[in-house]
Amino acid sequence: MAFTDLLDTLGGVGRFQLIYTALLLLPCGLLACHNFLQNFTAAAVPHHCQLPANHTGATTNDSGAWLRATIPLDQHGVPEPCRRFTEPQWALLSPNTSVYGVATEDCKDGWVYDRSVFPSTIVMEWDLVCEARTLRDLAQSIYMAGVLLGAAVFGSLADRLGRKVPLVWSYLQLAVSGAATAYIDSFSAYCVFRFLMGMTFSGIILNSLSLVVEWMPTRGRTVAGILLGFSFTVGQLILAGVAYLIRPWRWLQFAVSAPFLIFLLYSWWLPESSRWLLLHGKSQQALRNLQKVAAMNGRRAEGERLTKEVVSSYIQSEFASVRTSNSILDLFRTPAIRKVTCCLMVVWFSNSVAYYGLAMDLQKFGLSIYLVQALFGIIDIPAMLVATTTMIYVGRRATVASFLILAGLMVIANMFVPEDMQTLRTAQAALGKGCLASSFICVYLFTGELYPTEIRQMGMGFTSVNARLGGLAAPLVTTLGEISPVLPPLGFGATSILAGLVVLCFLTETRNVPLVETIAAMERRMKEAPSKKKAEEKSEEIALQQLGTSPLKETI
């Protein structure tokens, strides 16, 4: 018997599973706040050069005149953000007067920022503008680099120390590094602490998902996985509300970090995965945890009848399937697995780079950044519902491919919408982002079904690393807008369409198909697929011929 049979005996999806899942998904929701936090803490605001240091006549009455005389205007009539006249041009104070060929210089005395929407941001505090404007995107890339490293570190620790210890440590690290980020006074220290915060993303997501799945009976796992996606969406809505209420960046940073101290406190109550405990010979602790679960689910009598021998018997099938000789090379050693791995690397990377490319550049739409953040979160809900329905009734391959291609077309089409049609531009981008979020949820399930059981976890871990690389690359692709404004949307759209075509052309459908257990079985299935397809086509052709001749025979 499998371990899931034991969970069914102890109440199935009972009170424990519901409370346990809720307590684990709540931090995952707030984790989304940190992913998109720089939309607000690093918001770019209108600015212009500070008046000359020797300027002493700037009073309430003449500061506007000094601004007009010292700061040139761009083609839109807005003060240039990065240049000023070397000498005041008093002639500009006269009506209908303009000057040409006047010498300008960099902002030697700093900048003046528009604080009407954001009282403070890291851009204002450390002057991340003009020549230093790319440092803003660099900070987000450093955060994503932390996410990438955290996937490797905490994934390895989870196999050795269990799921709970890395999870508790991740809560502590995020709370401390998040609060420290709100108090540091240098950009380099800010990047260091953001890197540490990024590491915890993988520690929290991976271990929370493992604990939820390993304590959930089979019939509840699909719903639990979908709820994880929805919790991330709710977190984006929470960020929009909290950022609207708390505008200074330091207080906002502290507000989304402090709750993890509460998560740290109650995480000590969360029991370790009994499945992991049994697989590592800790049957006594596993027995105690299972008896607590039985008591919470109203099955105390069943729990008291459990013994170490009985509990261990349920996990024997798990021991039988454990293989220690697998290596990362198994993902490339045989043709079928190699094709699946290479295709999924493209899909995960492209999905992630396009997703974060859209979600981390909200100010370009010209609407309220708080409204756009809320809209980008809300659109995920119906998109995920549609994706769930189509996965069940249409198939995984068609769902993933159609969402990726549709998202890419939306991003590229946005390039041709005039900038003054901001509502249409925002609606198109929101739809594209919703499609990418839905394909993310679908590709998790699709990846697990494509790989055979003996390398499924390794395959999912390896391919998901490419998503972290995509998140790391997204801010760097955004900086290509300095060369040409069409390059970022063209890059995001093209990679998304490419990934959709890869899914359609090279990956097989897994809907209603039994899971493959071994690499050898996977290879056999792939070799048999062409001959099976030809046989089906031939049988259909024979059937059509019979249908075509039967009326004639009846007439004769």
From CA spacing to verdict: side chain to side chain contact (heavy atoms under 4.5 Å, CB included), Asp114, His47: CA-CA 6 Å; Asp114 180 357; His47 57 277; over 6 Å; no
Heavy-atom side-chain proximity of Met199 to Val147 below 4.5 angstrom: no
Heavy-atom closest contact (Leu149 atom, Phe195 atom, distance): CD2-CZ, 3.6 Å
Aromatic ring pairing Phe187/Tyr190, orientation class (parallel under 30°, perpendicular over 60°, tilted between): parallel
Flag if over 12 foreign heavy atoms under 6.0 Å of CH2, Trp269: yes
Candidate pair Gln140 and Thr478, rule side chain to side chain contact (heavy atoms under 4.5 Å, CB included), full reasoning: CA-CA 11 Å; Gln140 182 64 20; Thr478 302; over 6 Å; no
Check: Arg136 side chain, Ala42 main-chain N or O, donor-acceptor pair, under 3.5 Å: yes
Heavy-atom check, side chain of Val176 versus side chain of Phe260, under 4.5 Å: no
Trp249: which of Phe254, Trp126, Phe40, Tyr183 passes ring pair (Phe, Tyr, Trp, His ring centres under 6.0 Å): Trp126
Pair Arg84 + Glu105: basic N to acidic O under 4.0 Å: yes
Whether over 12 other heavy atoms sit under 6.0 Å from Tyr244 OH: no
For the student: nearest non-hydrogen atoms of Ser352 and Gly470, plus distance: OG-C, 3.7 Å
Exercise: do Gln236 and Asn35 side chains pair donor with acceptor under 3.5 Å: no
Euclidean distance, Ile184 CD1 relative to Arg250 CZ, rounded to 0.5 Å: 5.5 Å
Ring geometry between Trp215 and Phe16 (parallel below 30°, tilted from 30 to 60°, perpendicular above 60°): perpendicular
Side chain proximity check, Ile412 to Ile497, heavy atoms < 4.5 angstrom: yes
CD-CE distance between Gln428 and Met410, expressed to the nearest 0.5 angstrom: 6.0 Å
Atom pair CZ (Arg396) and OG1 (Thr447), whose distance is rounded to the nearest 0.5 Å: 12.0 Å
Criterion side chain to side chain contact (heavy atoms under 4.5 Å, CB included) on Thr41 and Thr121, from CA distance to verdict: CA-CA 5 Å; Thr41 59; Thr121 66; 6.0 Å; no
Spatial distance of atom CE (Met384) from atom OG (Ser439) [nearest 0.5 Å]: 9.5 Å
Side-chain (Ser402) to main-chain (Thr399) donor-acceptor, under 3.5 angstrom: yes
Evaluation steps, side chain to side chain contact (heavy atoms under 4.5 Å, CB included), between Arg247 and Leu252: CA-CA 7 Å; Arg247 303 294 179 91; Leu252 176 59; over 6 Å; no
Cys107/Cys49 sulfur atoms closer than 2.5 Å: yes
Shortest non-hydrogen contact from Cys82 toward Trp111: CA-NE1, 4.4 Å
Close side-chain approach of Ser496 to Tyr355, heavy-atom, < 4.5 Å: no
Shortest non-hydrogen separation from Trp348 to Ala467 and the atoms involved: CE3-CB, 3.6 Å
Within-4.5 Å side-chain heavy-atom neighbours: Glu80 and Leu73: no
Arg115 to Phe118, cation-pi by 6.0 Å centre distance and 45° axis angle: no
Gap separating the CZ atom of Phe201 from the CG atom of Leu31, nearest 0.5 angstrom: 5.5 Å
Row check, Tyr143 ring normal vs Arg194 NZ/CZ: under 6.0 Å, within 45°: yes
Under 3.5 Å: donor-acceptor pair, side chain of His34, backbone of Met197: no
Asn297 side chain vs Arg15 backbone, donor-acceptor pair below 3.5 Å: yes
Arg163 (side chain) donor-acceptor with Asn207 (main chain) under 3.5 angstrom: no
Main-chain N/O of Leu472 paired with Ser141 side-chain donor or acceptor, under 3.5 Å: yes
Any donor-acceptor pair under 3.5 Å from Glu272 side chain to Lys164 backbone: yes
Distance (rounded to the nearest 0.5 Å) between Leu239 CG and Gln373 CD: 5.0 Å
Heavy-atom check, side chain of Leu264 versus side chain of Leu172, under 4.5 Å: yes
4.5 Å side-chain heavy-atom contact, Phe232 and Cys28: no
Tyr113 side-chain N/O to Pro46 backbone N/O, donor-acceptor pair under 3.5 Å: no
Sub-4.5 Å side-chain heavy-atom contact between Ser267 and Leu167: no
Gly203 backbone acceptor or donor facing Thr200 side chain under 3.5 Å: no
Under 3.5 Å donor-acceptor, Thr495 side chain and Phe492 backbone: yes
Heavy-atom closest pair, residues Cys33 and Ile238: SG-CG2, 4.3 Å
Minimum heavy-atom distance between Leu490 and Met415, given as atom pair plus value: N-SD, 3.9 Å
